[in-house]
Amino acid sequence: LQSNRTHSFVAELHTQLTDAISNEARLNYTRVRDWRDVPYQGPAAYVVNAHYGDKTDGNISMGTEYSSAVNDVDQDNWSFEDNLSFYLGDHTLTVGTHEEFFNTRNGYIQYANGLFYYNNIENFLNNQADYYYYNYSDEALTGTSRWRAKVHAGQFGFYAQDKWDVNNALQLTYGLRVDAPVFFNSPTTNDEFNQSAAATTYNVEVGKMPGVKLLLSPRVGFRWYTGD
């Protein structure tokens, strides 16, 4: 059973600094918890080619579903926005910033309780598994066999915009936004993989996050009042 609980809180402050200057500030926090309710935490058994009457191609699955033992996501996200507006006759100039901070903990380990695989019902009845699957995280690196990966990231945005009332029928809007996504943590380095042929061939590296890249977003728009 997939469960979800979400809470969101927003605080706003509008300030009229002068007759020609106003400020709008907004702070938002969102807390999300996703998880699977597992009433029984135990190994799973999967039997193929099971006999039932005249049918011999049936499958039997029992125990904890193999993807549900460790399957949850926690999110704590913050955002802050501040807009300062100047009213200059036919022009409304707005400068502002928008910051986002993401804190995520993701747990997903298949076969965390183990899975016994049987090629036929006879092997199951004789307790002779053909395969056994069991996945876990290395406690020497993580401190637990059921590690939840953590990601701390953010995005810093700055922008400026002018809204120009050219006349009673035409309004022009133009501006520029600059965003800088960043990561505040890095995954564990895997030196063995980083030195492998696959890593060197495809130029990939575990433990290295992308650097900061500025994203430019120009904006141009207009409104035309036709009188209809």
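Just so it is clear, the model here is predicted, and its values are computed rather than measured.
With respect to D72 and R148, a salt bridge is recorded, a charged nitrogen being found less than 4.0 Å from a carboxylate O.
Using a 4.5 Å heavy-atom threshold, the side chains of Y40 and E65 count as separate. Using a 4.5 Å heavy-atom threshold, the side chains of R26 and V10 count as touching. Using a 4.5 Å cut-off on side-chain heavy atoms (C-beta onward), V47 and N120 make no contact. No side-chain heavy atom of H98 sits less than 4.5 Å from a side-chain heavy atom of F158. Put simply, the side chain of F86 reaches to within 4.5 Å of the side chain of V95, judged on heavy atoms.
No continuous path of hydrophobic side-chain contacts links W147 to Y134 [ILVMFWY only; heavy atoms under 4.5 Å]. Cluster annotation: V166 and W224 are assigned to the same hydrophobic cluster (Ile/Leu/Val/Met/Phe/Trp/Tyr, side-chain heavy-atom contacts under 4.5 Å, transitive). Put simply, Y136 and F116 are part of the same group of oily side chains (I, L, V, M, F, W, Y) that touch within less than 4.5 Å, one to the next. Tracing side-chain contacts under 4.5 Å through hydrophobic residues (I, L, V, M, F, W, Y), one reaches F9 starting from F101; they form part of the same cluster. Under the 4.5 Å side-chain heavy-atom criterion for Ile, Leu, Val, Met, Phe, Trp and Tyr, Y118 and I60 are members of the same hydrophobic cluster.
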Side-chain donor/acceptor pairs under 3.5 Å, residues 205-213, sequence neighbours excluded:
none

Exercise answer: donor-acceptor pairs, residues 171-185 side-chain atoms, under 3.5 Å, sequence neighbours excluded:
{"from": "Q171", "atom 1": "NE2", "to": "D165", "atom 2": "OD1", "distance (Å)": "2.8"}
{"from": "Y174", "atom 1": "OH", "to": "D162", "atom 2": "OD2", "distance (Å)": "2.5"}
{"from": "R177", "atom 1": "NE", "to": "D179", "atom 2": "OD1", "distance (Å)": "3.1"}
{"from": "R177", "atom 1": "NE", "to": "D179", "atom 2": "OD2", "distance (Å)": "3.0"}
{"from": "R177", "atom 1": "NH2", "to": "D179", "atom 2": "OD1", "distance (Å)": "3.3"}
{"from": "N185", "atom 1": "OD1", "to": "H152", "atom 2": "N", "distance (Å)": "2.9"}
{"from": "N185", "atom 1": "ND2", "to": "K150", "atom 2": "O", "distance (Å)": "2.8"}

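Inspection of the Q110 and S67 side chains reveals an N or O donor paired with an N or O acceptor under 3.5 Å. In this model, no donor atom of one side chain and acceptor atom of the other lie less than 3.5 Å apart for W78 and D76. Remark: the N4 side chain and the D34 side chain contain an N/O donor-acceptor pair separated by less than 3.5 Å. Under the 3.5 Å distance criterion, with hydrogens and angles disregarded, no donor-acceptor pair is assigned to the side chains of S145 and S137. Side chain to side chain, N83 and E81 meet the donor-acceptor criterion of an N or O pair below 3.5 Å. Under the 3.5 Å distance criterion, with hydrogens and angles disregarded, a donor-acceptor pair is assigned to the side chains of D82 and N23. D19 and Y87 share no donor-acceptor pair across their side chains, judged by distance under 3.5 Å alone. Neither side chain, N77 nor N103, offers a donor N or O lying under 3.5 Å from an acceptor on the other. Looking only at atom types and distance, the side chain of N28 has a donor-acceptor partner in the side chain of T30 under 3.5 Å away.
Shown are Y111, Y46, Y66; of these, the ring pair (Phe, Tyr, Trp, His ring centres under 6.0 Å) with Y133 is made only by Y111. Only one option out of R36, Q41, Q2 pairs with S68 in a side chain to side chain donor-acceptor pair (under 3.5 Å); it is R36.
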- Message: Show, in sequence, the C-alpha distance, side-chain angles and deciding distance for Q161 and R219, and conclude whether the side-chain hydrogen bond (donor to acceptor under 3.5 Å, both in side chains) test is met.
- Response: CA-CA 8 Å; Q161 173 183 285; R219 177 188 180 187; 2.7 Å; yes
- Item | Stepwise side chain to side chain contact (heavy atoms under 4.5 Å, CB included) check, T104 with V73 | CA-CA 7 Å; T104 303; V73 178; 4.0 Å; yes
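Pairing each heavy atom of S79 with each of E100, the nearest pair is CB-CG, 4.1 Å. For the residue pair N194 and T200, the shortest heavy atom distance occurs at O-CG2, 4.3 Å. The minimum heavy-atom distance linking N123 with D130 is given by the pair ND2-OD2, 3.0 Å. A pairwise comparison of heavy atoms in N113 and G42 identifies CB-O, 3.2 Å as the closest pair. Of all heavy-atom pairs spanning L84 and L17, the tightest one is CD1-CD1, 3.9 Å. When all heavy atoms are compared, the tightest approach of F80 to A25 is CE1-CB, 4.5 Å.
The distance from the OG atom of S196 to the CG atom of N190 is 8.0 Å, given to the nearest 0.5 Å. Expressed to the nearest 0.5 Å, how far CG of N71 lies from CG of D37 amounts to 11.5 Å. L125 CG to I121 CD1: the interatomic distance, rounded to the nearest 0.5 Å, is 5.0 Å. If you take CD on E12 and CD on E24, they are separated by 6.0 Å, rounding to the nearest 0.5 Å.
Within a 6.0 Å radius of CZ in R223, no more than 12 heavy atoms belonging to other residues, nucleotides or ligands are found. Other residues, nucleotides and ligands contribute only 12 or fewer heavy atoms inside 6.0 Å of the CD atom of E192. Residue N126 places its CG atom among more than 12 non-hydrogen atoms of other residues, nucleotides or ligands, all under 6.0 Å distant.
Between W164 and H91, the ring planes are parallel. Angles under 30° get that label, and only those over 60° would be called perpendicular.
In terms of modelled atom types and a separation under 3.5 Å, the side chain of T144 and the main chain of R146 share a donor-acceptor contact.
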